Amino acid sequence: MQPSGFYENDTTLAQYSEFHFGERWHGEPNFPKELADVAIDAMDGRTFGRALDIGCACGRTSFELARRFDHVDGIDFSATFIRKCEEMAEHKRVRYARPEEGELVSYHERTLAALDLEQTAGKVAFHQGDACDLDPRFAGYDLVLAGNLIDRLYQPSKFLTTIHERINDDGLLVIASPYTWLEEYTPRAEWVGGFMKDGEEYSTLDGLRDMLEPHFRQMGEPRSLPFVIRETRNKFQHSFSELTVWQKTPA
């Protein structure tokens, strides 16, 4: 099973461009920025060398991480998203037609300068790639951030049980997800949690602990981050993503 083509259409690209670089909606903070801020705070004295933003979508989190990290790689399966990331990095601005109502759209330009991110453009690199089958060159990171990713993977266990190979000892893995398991993205047999196991409820957090604890220890308690995706002028997705932080333990 391969990832869905859902993310390759222009409407979705516009919605995610707005999600990353556009306005705040319903009083909630910008989620891609919030992810980066939480990850940076979690570093807590660790080396700000190299970071990996896996499932980077339109790239806002990568640029935000580059405020502190020497280099950030952003990877996404969607070629359309990666082209938008590269456009922002190269031209320091993006334009998109935001859906309003039916066939009606409004036109917007967003710039790195307006977000105080212009200085980060030279510290980011974007790549199309598969989180379940990463190129070996993507390794040696002090932070790996997977934002709203695992429940959109066709084999999340492969990502979760091998990602330690990409992270330096004592480096961090930050995972955020609403745990929206859907068979159109992930075969039922590959769900990390959200089902009954041996007669007991087995949550995604249970699954994460089982898959990660051979190589990581969980730091602190999970926290919930809200996010709002604007679909049209009158329709919004208001969701919550559970964020956990994991420190890689030396072998």
Side-chain angles (χ1 to χ4, degrees), residues 1-7 31-32 35-36 38-39 42 50-59 61-62 65 72-79 81-82 85 125-195 197 202-219 222 225 241-249 251:
M1 180 176 178
Q2 292 301 308
S4 167
F6 170 80
Y7 295 104
F31 179 75
L35 275 182
V38 171
R50 300 176 70 241
L52 173 62
D53 179 15
I54 182 74
C56 66
C58 292
T61 302
S62 299
L65 290 172
V72 180
D73 285 310
I75 298 177
D76 202 277
F77 189 84
S78 167
F81 280 174
I82 291 300
C85 294
F126 294 102
H127 320 265
Q128 184 183 14
D130 182 349
C132 301
D133 189 22
L134 283 175
D135 189 288
R137 67 192 166 111
F138 296 115
Y141 293 104
D142 302 297
L143 168 74
V144 171
L145 174 56
N148 289 1
L149 172 75
I150 60 168
D151 60 354
R152 291 297 180 264
L153 298 179
Y154 59 91
Q155 194 178 3
S157 61
K158 189 170 182 183
F159 169 76
L160 293 166
T161 58
T162 61
I163 194 61
H164 65 279
E165 300 169 3
R166 317 284 176 166
I167 302 176
N168 296 330
D169 285 349
D170 297 322
L172 298 185
L173 170 65
V174 176
I175 294 174
S177 173
Y179 306 151
T180 311
W181 298 106
L182 297 170
E183 289 192 90
E184 65 186 280
Y185 299 105
T186 313
R188 169 64 179 76
E190 294 291 341
W191 293 3
V192 175
F195 50 81
K197 182 178 180 180
Y202 189 77
S203 70
T204 302
L205 183 58
D206 293 328
L208 289 175
R209 287 171 173 154
D210 286 344
M211 291 184 189
L212 293 175
E213 284 185 349
H215 302 284
F216 294 91
R217 68 176 183 89
Q218 186 180 343
M219 298 180 61
L225 296 184
S241 189
E242 185 169 278
L243 183 143
T244 50
V245 179
W246 309 82
Q247 177 179 293
K248 182 181 174 182
T249 52

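From a predicted model like this one, the values you see are computed outputs, not experimental measurements.
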Visitor: Can we say Lys248 and Asp170 salt-bridge, meaning some charged N sits less than 4.0 Å from an Asp/Glu carboxylate O?
Guide: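 Asp170 and Lys248: not salt-bridged.
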Visitor: Are any of the side-chain heavy atoms of Phe31 and Leu225 separated by less than 4.5 Å?
Guide: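 When only atoms from C-beta onward are counted, Leu225 and Phe31 do touch, with a gap below 4.5 Å.
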Visitor: Do Trp181 and Thr204 pass the side-chain hydrogen bond (donor to acceptor under 3.5 Å, both in side chains) test, and can you show the C-alpha distance, the side-chain angles, and the key distance before you say yes or no?
Guide: CA-CA 10 Å; Trp181 298 106; Thr204 302; 2.9 Å; yes
Visitor: Ignoring hydrogens and geometry beyond distance, is a side-chain donor-acceptor pair present between Ser241 and Asn148 at under 3.5 Å?
Guide: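 Ser241 vs Asn148: donor-acceptor pair found between side chains.
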Visitor: Looking only at atom types and distance, does a side-chain atom of Asp53 sit under 3.5 Å from a main-chain N or O of Gly74, one as donor and one as acceptor?
Guide: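 Checking the backbone N and O of Gly74 against the side chain of Asp53, no donor-acceptor pair under 3.5 Å is found.
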Visitor: Would you please test Tyr154 and Glu190 for side-chain hydrogen bond (donor to acceptor under 3.5 Å, both in side chains) and show each step?
Guide: CA-CA 7 Å; Tyr154 59 91; Glu190 294 291 341; over 6 Å; no
Visitor: Look up atom CG in Asp130 and atom CG in Asp135, then write down how far apart they are to the nearest 0.5 Å.
Guide: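 Answer for the CG-CG pair, Asp130 versus Asp135, is 11.5 Å.
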Visitor: Determine the minimum heavy-atom distance between Ala39 and Val174, stating which atoms define it.
Guide: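 Nearest heavy atoms, Ala39 then Val174: CB-CG2, 4.2 Å.
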Visitor: Is there a side-chain contact between Asp73 and Arg50 in this structure, where contact means two heavy atoms from C-beta onward sitting under 4.5 Å apart?
Guide: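 Asp73 vs Arg50: side chains touch.
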Visitor: Looking at Ala146 and Phe159, what are the two nearest heavy atoms and their distance?
Guide: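 That closest heavy-atom pairing would be CB-CZ, 4.1 Å.
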Visitor: How long is the span from the OG1 atom in Thr244 to the CZ atom in Phe216, to the nearest 0.5 Å?
Guide: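 Separation between the atoms: 10.5 Å.
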Visitor: Checking Arg188 against Phe195: charged group under 6.0 Å from the ring centre and within 45 degrees of the axis?
Guide: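 Judged by the rule (NZ or CZ under 6.0 Å from the ring centre, within 45° of its axis), Arg188 counts as positioned above Phe195.
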Visitor: What distance do Leu208 atom CG and Ser157 atom OG have between them, rounded to the nearest 0.5 Å?
Guide: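 Answer rounded to 0.5 Å: 11.5 Å.
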Visitor: Grab the two heavy atoms, one from Leu153 and one from Cys132, that are nearest each other, plus how far apart they are.
Guide: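 In this case the closest contact between Leu153 and Cys132 is CB-SG, 4.0 Å.
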Visitor: Using only atom types and a distance under 3.5 Å, with no angle test, would you say the side chain of Asn168 pairs donor to acceptor with the backbone of Gly140?
Guide: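 Checking the backbone N and O of Gly140 against the side chain of Asn168, a donor-acceptor pair under 3.5 Å is found.
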Visitor: On a heavy-atom basis, which atom in Thr61 and which in Pro32 lie closest, and how many Å separate them?
Guide: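 Closest heavy-atom pair between Thr61 and Pro32: OG1-O, 2.8 Å.
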Visitor: Do Gln155 and Asp133 come within less than 4.5 Å of each other through their side chains, counting heavy atoms only?
Guide: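 No - every pair of side-chain heavy atoms lies 4.5 Å or more apart.
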Visitor: For the CD1 atom of Ile163 and the CD1 atom of Ile175, what is their distance to the nearest 0.5 Å?
Guide: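 That separation rounds to 8.5 Å.
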Visitor: Given side chains that start at C-beta, do those of Ile167 and Leu173 come closer than 4.5 Å, heavy atoms only?
Guide: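 Counting from C-beta outward, Ile167 and Leu173 do come under 4.5 Å.
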Visitor: Once rounded to the nearest 0.5 Å, what's the spacing between atom CD of Glu242 and atom OG of Ser203?
Guide: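 Here the rounded value is 7.5 Å.
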Visitor: With a 4.5 Å heavy-atom cut-off, do Leu145 and Ile54 have their side chains touching?
Guide: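 A side-chain contact is absent here, since even the closest heavy-atom pair is not under 4.5 Å.
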Visitor: Report the distance from atom CG of Leu52 to atom CG of Leu134, rounding to the nearest 0.5 Å.
Guide: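 Rounded to the nearest 0.5 Å, the CG-CG separation comes to 7.0 Å.
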Visitor: Side chains of Asp76 and Cys85: does their closest heavy-atom pair fall under 4.5 Å?
Guide: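 With C-beta onward as the side chain, the pair stays apart.
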Visitor: Does a side-chain heavy-atom distance below 4.5 Å link Arg152 with Phe77?
Guide: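 SC-SC contact between Arg152 and Phe77 ruled out.
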Visitor: Do you know the tightest heavy-atom contact between Cys56 and Ile82?
Guide: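 Distance-wise, the nearest heavy atoms are SG-CD1, 3.9 Å.
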Visitor: Can Arg166 be said to sit on top of Tyr141's aromatic six-ring, NZ or CZ under 6.0 Å from centre and within 45° of the ring axis?
Guide: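 Not flagged: Arg166 not positioned over aromatic ring of Tyr141.
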Visitor: Going through the distances and angles, do Leu143 and Leu65 end up as a side chain to side chain contact (heavy atoms under 4.5 Å, CB included)?
Guide: CA-CA 10 Å; Leu143 168 74; Leu65 290 172; 3.8 Å; yes
Visitor: Taking all atoms of both residues into account, what is the closest heavy-atom pair of Asp151 and Thr186, and its distance?
Guide: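 For Asp151 and Thr186, the tightest heavy-atom pair comes out as O-OG1, 3.7 Å.
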Visitor: Using 30° and 60° as the class boundaries, would you call the ring planes of His215 and His164 parallel, tilted or perpendicular?
Guide: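 Rings of His215 and His164: parallel, as their planes differ by under 30°.
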Visitor: Do Leu212 and Gln218 have side chains that approach each other closer than 4.5 Å (heavy atoms only, starting at C-beta)?
Guide: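 Leu212 vs Gln218: side chains apart.
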